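Everything below concerns the one structure shown next.
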Amino acid sequence: MTGRHGVACARAIRERAAEEGWTVVETAQAIRDHCGLSKLRANRLARGLTLNQAGGELRDLALQMSPEGPKADEDQLRLWETGARAPRAEAVALLCRYYGATPYELGLGHADDSAGEDESLVRRTTQTRSSSSGTATKRDPLFHDIDATRRSVDRALAAGTVAPGQMDLLEEQLLLVRYEYVFTPPAQMMNKLLRILREVKELLEDRQPASVTVRLTEITAVVSTLIADALMKLGEIDDARIWYATARHASDESGNAELRARVRAQAAMLGYYYGPVQSAVTLAREARIMTRGKPSPTAAFAVAAEARALALQGNRSDAAARVRDARGIFDQLAPQSDDDAFAFPLRRFLLYLSGTFTALGHVSEARRVQEEALSLYPTRAGIDPALLRLEAAICLARDRSATEACQLATAAYLQVPEEHRTPILSARAQHVIDQLPGANRRVTAARELGELLQLPSSHM
């Protein structure tokens with residue numbers, strides 16, 4: 001089935017998927033099976049993207065990844081989808097990053113090499129981009145350890161067996177890690193997270209009762225999500241994307257609907273901060289559909305995440321509607337713990353509202369929620385307070401208060417302990433400069449902020 005018939009078939013399946021809460025992966029599989037389309041095209045249609053829209057976003061993403069990146073546009077994508085031309089290695093990595101999927105899920109690789117070959121392709125693209133920007137390409141040995149652990153966890157999940165002996169201890173360790181993650185620098189958390197996953201892997205290699213397997217896959221999903229989040233903060237974007245895929249895999253294996261939604265809402269942050277924004281919208285929408293009709297912290301998180309992504313995308317009316325929905329859900333909830341990385345307390349809710357109002361240009365509402373949120377953070381709170389202050393600086397930049405905006409951004413950046421000054425924070429500070437119109441980017445405060453962000457951490 002091709003042309004308009006294929007699109008119509010895909011639209012009907014997508015409507016059913018929305019009603020029944022299917023994931024994008026499940027929707028793409030149904031489109032492929034019932035409409036007779038390639039996996040690659042089915043993945044695009046499962047997300048409701050036109051060929052022109054996807055081609056344009058792929059072209060933009062390719063330029064972000066590397067000036068000499070693979071050619072990607074509407075015509076190229078059509079050839080790949082029809083099988084008239086096979087994408088090269090760098091293009092496969094690009095498509096995997098854009099769709100947040102493995103080569104196998106896109107019909108571009110085998111099931112047993114999706115965690116290995118795809119990873120090396122993505123890493124080569126990352127190294128090319130780093131080299132072209134003048135940053136170091138040598139990877140810390142810790143990241144090789146991370147990669148090896150992720151591959152072994154994926155294989156153990158596929159085996160699907162486990163044992164009850166250390167479950168209570170493991171879950172106690174996980175609760176402690178969730179508490180420490182709120183205020184501990186991401187690089188320091190990595191070894192603790194990997195240690196838990198190694199224990200999980202050992203248990204998954206033995207045959208155990210199904211109830212224990214479920215508990216272990218839930219732990220895997222939570223820890224993998226925290227690893228992905230830490231990698232995102234450290235600027236290891238492609239690795240973060242792969243770990244989020246592992247987290248989704250584990251959450252799906254667990255059968256825990258709340259956890260499946262939570263992992264997807266969390267994964268939407270990657271698209272929000274680093275693009276493509278459509279990925280953030282899609283993941284947050286999936287999470288919202290999964291939690292529809294069940295007021296919960298995850299439901300509030302999913303709707304707030306979708307609102308923020310829609311606002312950044314420029315979809316003002318839908319973003320405003322989601323803000324109303326999120327407030328309606330959140331107002332029904334009991335207070336959440338502030339000391340749990342997997343909770344969604346008031347201050348986190350306000351952080352998401354801040355991002356939404358800032359993107360929409362609702363300056364007075366943004367400032368109000370920023371001030372309220374900042375009053376709720378303790379001394380040890382990671383980078384969230386700095387993100388709120390940087391969004392306040394973005395509001396000032398849009399008000400053409402260039403000097404004040406850059407001075408606030410500089411102060412917010414320097415107030416963060418050096419071990420927390422990771423690439424996600426410097427990228428957000430750079431965004432303040434990017435929001436300044438024309439000649440305002442040349443004011444002294446803007447130049448000083450730009451120079452600060454170029455300094456290696458040891459000089460700050």
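The structure displayed is predicted, hence computed values, not measured ones.
Between Arg322 and Asp318 no salt bridge is recorded (no basic side-chain N to carboxylate O distance below 4.0 Å). For Glu286 and Arg260, the salt-bridge test fails: no basic side-chain N is under 4.0 Å from an acidic carboxylate O. Looking at Asp73 and Arg59, no side-chain N of the basic residue comes within less than 4.0 Å of a carboxylate O on the acidic one, giving no salt bridge. A salt bridge does not link Arg198 to Glu202: none of the charged nitrogens lies less than 4.0 Å from a carboxylate oxygen.
Remark: side-chain polar atoms of Arg398 are not paired, donor with acceptor, to backbone N or O of Gln435 under 3.5 angstrom. Without hydrogens or angle criteria, Ser354 side chain to Leu388 main chain gives no donor-acceptor distance under 3.5 Å.
Remark: Arg292 CZ is packed, more than 12 non-hydrogen atoms of other residues, nucleotides or ligands lying under 6.0 Å away. Within a 6.0 Å sphere centred on CZ of Arg88, heavy atoms belonging to other residues, nucleotides or ligands number 12 at most.
Taking both residues in full, the closest heavy atoms of Pro87 and Leu108 are given as CG-CD2, 3.8 Å, listed atom of the first, atom of the second, then distance. For the residue pair Ala397 and Pro437, the shortest heavy atom distance occurs at O-CD, 4.2 Å. Taking each heavy atom of Tyr99 and Ala54 in turn, the nearest pair found is OH-CB, 4.3 Å.
Note on residues 278-304: pairs passing ring-ring contact (aromatic ring centres under 6.0 Å, His included), not counting sequence neighbours, are Phe301-Phe344, Phe301-Tyr352.
Residues Arg47 and Asn43 have side chains that bring a donor and an acceptor to within less than 3.5 angstrom of each other. There is no side-chain donor-acceptor pair under 3.5 Å between Thr225 and Gln266.
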Applying side chain to side chain contact (heavy atoms under 4.5 Å, CB included), run through Tyr413 and Leu453 and close with a yes or a no. CA-CA 9 Å; Tyr413 187 74; Leu453 297 178; 3.9 Å; yes

Run the side chain to side chain donor-acceptor pair (under 3.5 Å) check on Ser254 and Glu218 step by step: do they pass? CA-CA 6 Å; Ser254 76; Glu218 289 175 346; 4.7 Å; no

Show, in sequence, the C-alpha distance, side-chain angles and deciding distance for Leu259 and Val222, and conclude whether the side chain to side chain contact (heavy atoms under 4.5 Å, CB included) test is met. CA-CA 8 Å; Leu259 183 59; Val222 173; 4.0 Å; yes

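Within the 4.5 Å cutoff, the side chain of Cys395 has heavy atoms near those of the Gln370 side chain. Annotation: side chain of Trp80 is not in contact with side chain of Leu106 (no heavy-atom distance under 4.5 Å). The shortest side-chain heavy-atom distance between Leu387 and Tyr273 falls under the 4.5 Å cut-off.
For Phe349, the ring-ring contact (aromatic ring centres under 6.0 Å, His included) partners two or more places apart in sequence, or in a different chain, are Phe330.
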